[in-house]
Amino acid sequence: MTESRKARILIADDEPNIVLSLEFLMKKEGFEVAVVGDGEAALQKAAEFAPDLILLDVMMPKKSGYEVCEALRADPARAGVKIIMLTAKGRETEVAKGLALGADAYITKPFSTKDMVARIKSLLA
Amino acid sequence: MIRSRLTAQRLFALFLLGVVLFNFPVLHIFNRGGDVFGIPLLYAYLMVIWLVLIGLLAVTVEGGTD
Amino acid sequence: MLQGWVIVVVSLVYLGILFAIAWYGDHRADTGRSLISSPVVYALSLGVYCTTWTFYGSVGRAAASGVGFLPIYLGPTLLFALAGFVLMKMLRVAKANRITSIADFVASRYGKSQLLGGLVTIIAVVGIIPYIALQLKAVSNSFSVIESYPQIIMPASVAAVPLHQDGALYVAIILAGFTILFGTRHLDATERHEGMVAAIAFESIIKLVAFLAVGIFVVWGIHDGFADIFAKAAALPAMAQRSGGAPVTPVAYGSWGALLFLAMFASLLLPRQFQIAIVENVNPGHLRRAVWMFPLYLLLINLFVLPVALAGMIHFPTGVDADTFVLTLPMAHQQEFLTLFVYIGGLSAATGMVIVETIALSTMVCNDLVMPALFRLPFFRLEERSDLSGLLLTIRRVAIGVILALGYLYFRIAGEAHALVSIGLISFVAVAQFAPAVFGALYWKGGTRDGALAGLLVGFMVWGYTLMLPSFAKSGWLPVDFMSSGMFGLDILRPQSLFGLTGFDEITHCMIWSLLGNTVAYAGVSLLRAPTAREAHQAAVFVSGNIEGLPVWRGSAGVTDLLPLVARFLGAEKAKAAFAEYAQHRGVFGINGLKADAGLVLFAENLLAGAIGSGSARAMVASVVEEEPLGIDEVMHILDEASQMRSYSIELEAKSRELQEATTELRDANARLRELDRMKDDFISTVTHELRTPLTSIRAFSEMLHEDPDIDVTERVRFLGIIVSETERLSRLINQILDLAKLDSGRGEWSVNTLRPGEVIREAADSMLALFHEKAVSLELDLPDPGPAALADRDRLMQVMVNLLSNALKFVPKSEGRVSVVLRVTSSPDMKKIIRVSVTDNGPGIRLEDQELIFEKFRQGGDVMTDKPQGTGLGLPITRQIVEYFGGRLWVESTLTKGACFVFTLPLHEDDNIENK
């Protein structure tokens, strides 16, 4: 990542209003943003858009967030990408599963926008 | 293994039935002239009862009702 | 083609095949993959009951006496009906006590008496010898009959044939050699011969197929079916004077009944039947199949007996022995191959009988006669020999030879005087003498050794006097006046009308007197004294069945005494292996860890009993054990305690069964609870997810608006709009969850009235009209006016319609969407009148596998839970619950891409008294 280049963030969630809010938030923080609505599109976009960080919802159509995470971690070309998993199910087993699959952070919904921005910045630093 | 008491009792009943059907006086009822489809009555009686008895034995021991 | 050498070669090839099967069966047994571990093989091997007597003799008997041959086969059918009681018990007792023969069984029961074992053996051998002679006669006759093919010449009288030309002699020699090869290849502690059983089962198939073949040929090949034969036979002069040969007088019925019971006893008590049914049985469960399969086998092999006999009488009015009809009928019609096949069938019937019978008898002779005698004679110094297993095998081999030699001798002396069946019946009556002692053994604790001895002796003597001696007399070996005027010239002692009893045939006559005397002596002598300790013990083991291993004497012997003793009979290796297994069973490490207790002694004794019989085993063990016999009082005391313990343990078992049942119930209830708990957990987790999703948007947008006052107005309005709609979604969700909870718990408030669903539907449609217009979707209603009535809650029914309509609206395409509602009265499958409402749309439709799923909570069409179209996933479950509450059903009919049709029904309410709301 070079200083001149804006950090890129990919948002993958199937809930349009949540996507909208995240997109707005990230753009306001000065990131370059792409959004997708399902797991397969997330993987495709991850290849095209080369994001530095992905906000990944767990429950998505076609491919779940876990599957996407696993696929990304298995792909050496995408090894450096940071992944934050988002879920509305906050059970500990799910957190553990996400982290075990190689996610860098796990945020439960609803989240505080401030915390979210802070987590993203610290991960990209 | 013939486990069930009920099965054993049914078999015993079939034994008694056989003893009665294969002996005087029941035998005597069928021991007269005449024939069934050209087969002498007594012979036909014995063979049919025998077969029926075997069928009942089979149903009793192989049937899974006990 | 049927020259002598061809027949000999074919016979030897057949025997070779038998031997190969036996060898393979043994080989499989050695490698632990038993060939005979099948109920069908067990049932077939029991077919050894059918010997040449059946194969050739039944036809002869049928020719002479019509249906008179049948009791011999009806009897065993009745016996197997008793399997549940008698055979099962016998099998259990025999297995628990390692019984090796019928002699061993009787001896073991009455205090392991060597004397009794010896007597049973003598009766068996003497009694069976005529039966073996019968086989020799049949095989040699059949050989000489087919040898003269195509001419039909009856065999010459045996007396006219010099010894070296007598086929029966060679048959006897070959069979002896064959049996020795078969049965005494090795010594086994259980006296089982798996290979032999396999071969016997094979022989049963051969003789059955052969007999059926000749039967079918005679009935349909020569004649036009059964009726044709019976009709032609009726015209015979021989048939005119008797009514089908059936009994007509009470005495004749008596003979019939006597034969029935005689055969019933014989089919279990003949040494070969005991050997196959009890000793060779690998699994008591096999009995179940045999109960009907063995009688069926008997029925099949007898199916053509009478027709063949009658056909023989039609074809050969004179000059042909009826015992040869199965051969001579095919011969008369130039059926060479059939003749040869029938001959092989007869050979298989003979070899099967001879092999099993002589093996069983030789075991008895060796264990119960020769060994006890040898031990008593100091001359042989058996006590000092280290390995006796070779000696045991030699004794058995010699015994086989001697038995067959005796059979041949009887054939030379008395064989000509009788038809096949008469000879066999002599043997039947002999073994029937075991009946009182054997059945008493299983059901009467009071029977004693002395009683059994007395009964057997009396029965045997009566049999010898009234049946055996007359058979010699008829052959001219005894003075004939012995028959006509009785012993010592006393008329009352005439052998075949003893004490003036006349009218019965000789078999029935003998059976009446011998069994009567036998039973009276057995019971009477038994009652003279109380059972000894040992008898009482064995009686308990046999009658009550499960007081195994009860110590009957105090005293002990260690492994150092017992192992060498057993090794002398079984060989060192087998003995060591058996002791090692016992040690493992007892949980002791190694043979030397075994304690010198009564259990060990009993184990050794049982092991020996398998090889040399229980009587001898008892004597052997006694020689090394320093024993102190228990008095009768002590044994009775132990038995009492044991039976008390049994009743306690039965109570305990009942208790523990109850407990177990309760435990199972609890476990099931627990499992159900856990399942419910899991479902509740899942539900809550899903609800949480559903609630958090709108909450996430609301919080995110609120925080952004809150922290950033500079957001421009359009964005601000848009965000606030989202917040409002997500809030609505949230409230809807909460309402529905509460609604569902109410429906689930049955606490919903219902006001059920008679109403017209058509009106409610119209009302619901009106309320939704604006939404349909908005999306430009057409809504058609097809409702009869005034329409049928139903009992329902107006608001709830409204909710159902609104749910279904909004559901349809959600999925139909914009502007091209069409939704139609149809109401009809039809009848349900159980012929009740119902109202049927369908809501049809032209949306994407629902996959078949999802059509039930969509009625589950939080499930929606498409990928379960990952697809999130609009809606909460609770509408349809709620709707279904409401419809079901009204007594109707709700389902969906749909094919993918062709739209969906939701249908619900309501019971029709006939009362037209509509309350207007």
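Please read these numbers as outputs of a predicted model, since none were measured by experiment. Values reported hereafter were calculated over all heavy atoms of this structure, with side chains retained and with hydrogens, waters and symmetry mates removed. Numbered from 1 within each chain, the chains take letters A, B, ... in sequence-line order.
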Could you pull out the closest heavy-atom pair between B:Leu57 and C:Pro295, with the gap in Å? CD1-CG, 4.5 Å
How far apart are the C-alpha atoms of B:Val19 and C:Leu260, what are their side-chain angles, what is the distance that settles it, and do they pass the side-chain contact (heavy atoms from CB on, under 4.5 Å) test? CA-CA 9 Å; B:Val19 169; C:Leu260 200 65; 5.8 Å; no
Enter the distance from [X]:[atom1] to [Y]:[atom2] here, rounded to the nearest 0.5 Å.
| X | Y | atom1 | atom2 | answer |
| --- | --- | --- | --- | --- |
| C:Leu296 | B:Leu51 | CG | CG | 7.5 Å |
| C:Thr77 | B:Leu14 | OG1 | CG | 12.0 Å |
| C:Leu82 | B:Leu16 | CG | CG | 8.0 Å |

I'd like to check the side chain to side chain contact (heavy atoms under 4.5 Å, CB included) partners of C:Met293; sequence neighbours left out, ordered by chain and number.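 C:Val40, C:Ala43, C:Arg289.
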Report the option among C:Leu79, C:Leu299, C:Leu91 that has the most heavy-atom pairs separated by less than 4.5 Å from atoms of chain B. C:Leu299
Among C:Ile229, C:Leu78, C:Asp228, which has the most heavy-atom pairs under 4.5 Å with chain B?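 The candidate making the most pairs under 4.5 Å is C:Leu78.
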side-chain contact (heavy atoms from CB on, under 4.5 Å), that's the test. Do B:Met47 and C:Leu303 meet it? Break it down for me. CA-CA 8 Å; B:Met47 294 310 259; C:Leu303 204 53; 3.8 Å; yes
Test of understanding: with side-chain hydrogen bond (donor to acceptor under 3.5 Å, both in side chains), list the residues that count as partners of C:Ser204, not counting sequence neighbours.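 With sequence neighbours excluded, C:Ser204 shows a side-chain hydrogen bond (donor to acceptor under 3.5 Å, both in side chains) to no residue whatsoever.
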Measuring only between side-chain heavy atoms, which start at C-beta, is C:Leu74 closer than 4.5 Å to B:Leu46?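 A side-chain contact under 4.5 Å exists here.
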C:Leu298 side chain reached by B:Trp50 side chain, heavy atoms, under 4.5 Å: yes
Chain C heavy atoms under 4.5 Å from B:Ile54: which part of the residue, side chain, backbone, both or neither? both
Proximity breakdown for C:Tyr73 and chain B, heavy-atom pairs closer than 4.5 Å: both
